[in-house]
Amino acid sequence: MTTATDSIGTAAGTLQVHPGPWTRQAKQKAIQEETRAAFQTYFRKSVKTRNWTPWDDIPLHEMGERGHLLSDDTVTLIESFLGVEDYVGDYVEDSMVIVGKMRERRNVQLQWGAEELKHAESWELVLLHSGRRTQEELDAYRDKVAEHKWTMRENHPGLDTPLGVCVYAMVQERATYFNYDELRKRIRTEYGLPEKVTAEERTRGKQVGAAGAFKIVANDEIAHHAIFLQMFDIYKKYLPYEAFDTLFQVLGSFNMPALYLIPNESEMREALYRTKLYTPLKHGRYVANPILDALGLENKRALERAVQEAKHLPAGLGPQQVTLSRTGEWVIAMNAESPVAV
Ligand SMILES: [Fe+2]
Ligand SMILES: [Fe+2]
């Protein structure tokens with residue numbers, strides 16, 4: 001246990017390391033401070049390296065040339081993602097209520113929302129410039145989206161807490177990244193382009209047409225996954241049982257947001273079935289397992305064990321006193337020489 005206030009230098013500034021005892025309040029304070037530092041690093045990088053607009057930075061002209069090559073299923077899927085992304089106002093509004101006056105979490109959600117708003121606008125532009133939907137059709141579709149309201153409580157019961165928002169977003173962002181990257185590859189095939197980017201695309205720094213749009217948006221999604229993963233790591237350090245229990249809950253019942261609300265739900269399901277873009281097997285292999293791996297767990301069974309055993313950890317342990325093995329066992333370090341497994 002740290003016995004005196006110490007400090008750690010980070011890219012975002014200096015963090016105070018609190019002395020014990022680790023009361024619930026002390027843990028919450030430490031979570032907030034570390035989240036604030038993570039947000040600053042995220043924000044800096046975001047505004048300096050992912051500063052793009054749908055109207056200027058995606059190759060609209062090439063979409064017009066190649067739009068007729070896209071299959072109907074691809075178009076249906078892009079339209080479905082337009083619907084899911086267009087609930088951004090509800091996602092932000094709901095999370096503002098849930099995180100309340102936690103300023104660092106509020107800031108994360110606001111910046112995240114500012115980035116997310118570009119995605120629905122991008123999918124509208126892709127459909128329009130590909131010549132596959134008219135402006136009137138898109139307006140009508142988006143008006144229908146607006147007839148429903150999404151809330152975490154109704155769509156993902158039990159996750160309407162600050163921790164729940166973080167864990168759900170961590171998984172959802174990785175799933176969205178996976179979907180967009182798969183769709184990018186599918187578009188390249190339908191355009192007649194090789195799977196790997198060409199030398200010409202690499203030189204100009206953009207993939208062709210709609211593939212370029214999916215690349216730039218997918219890049220946002222994986223950055224979103226990374227900040228929520230980092231925030232989860234902070235929770236995990238101070239509140240291991242709550243963190244892993246929530247992750248267990250999210251992974252056990254994961255659904256993409258607003259899928260039941262979009263106007264073309266049944267067409268989307270048929271397109272997903274035919275294209276096999278996103279299946280339960282792919283979700284396990286490319287979404288859930290990489291997350292568990294990043295958190296230091298070898299598989300879902302290790303997560304189950306981590307949840308079960310975390311219940312028995314003494315409440316006042318500090319973050320330096322406990323480590324987690326890849327098989328989900330917690331080890332308490334009584335001192336450097338004598339670790340004790342729980
Ligand atoms: Fe998005
Ligand atoms: Fe995202």
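First listed ligand is number 1; within each ligand, the first listed atom is number 1. In what follows, residues are counted from 1 in the order of the sequence shown.
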(request) Among the N/O/S atoms of H119, select the one at the shortest distance from the Fe ion (ligand 1) and name it. (result)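 Of all N, O or S atoms belonging to H119, ND1 is the one nearest the Fe ion (ligand 1).
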(message) Check R50 with E115, please: is the shortest side-chain N to carboxylate O separation under 4.0 Å?
(response)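 Salt bridge flag = yes for R50 with E115.
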Residue [X], metal the Fe ion (ligand 1), N/O/S under 2.8 Å:
X    : answer
D220 : no
E85  : yes
H224 : no
E221 : yes

(request) State, with a plain yes or no, whether a side-chain heavy atom of L125 is found less than 4.5 Å away from one of M63. (result)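 In short, these two side chains do not touch, never coming nearer than 4.5 Å.
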(request) Verify, without hydrogens or angle tests, whether D160 (side chain) and R153 (backbone) share a donor-acceptor contact under 3.5 angstrom. (result)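 Side chain of D160 to backbone of R153, a donor-acceptor pair under 3.5 Å: no, none is there.
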(request) May I ask you to check whether Y260 and W150 place their ring centres under 6.0 Å from each other? (result)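 No - the distance between ring centres of W150 and Y260 does not fall below the 6.0 Å cut-off.
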(message) For F254 together with Y168, are the ring centres under 6.0 Å from each other?
(response)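 Ring centroids of Y168 and F254 are less than 6.0 Å from each other.
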(request) Please find the N/O/S atom of E173 nearest to the Fe ion (ligand 2) and write down its name. (result)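 This turns out to be OE1.
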(message) Looking only at N, O or S atoms, which one in E116 sits nearest to the Fe ion (ligand 2)?
(response)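 Of all N, O or S atoms in E116, the Fe ion (ligand 2) lies closest to OE2.
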(request) Report the C-alpha separation of R132 and D72 in whole Å, then their side-chain angles, then the decisive distance to 0.1 Å, and conclude whether the salt bridge (Lys or Arg N to Asp or Glu O under 4.0 Å) test is met. (result) CA-CA 9 Å; R132 302 301 293 268; D72 288 346; 2.8 Å; yes
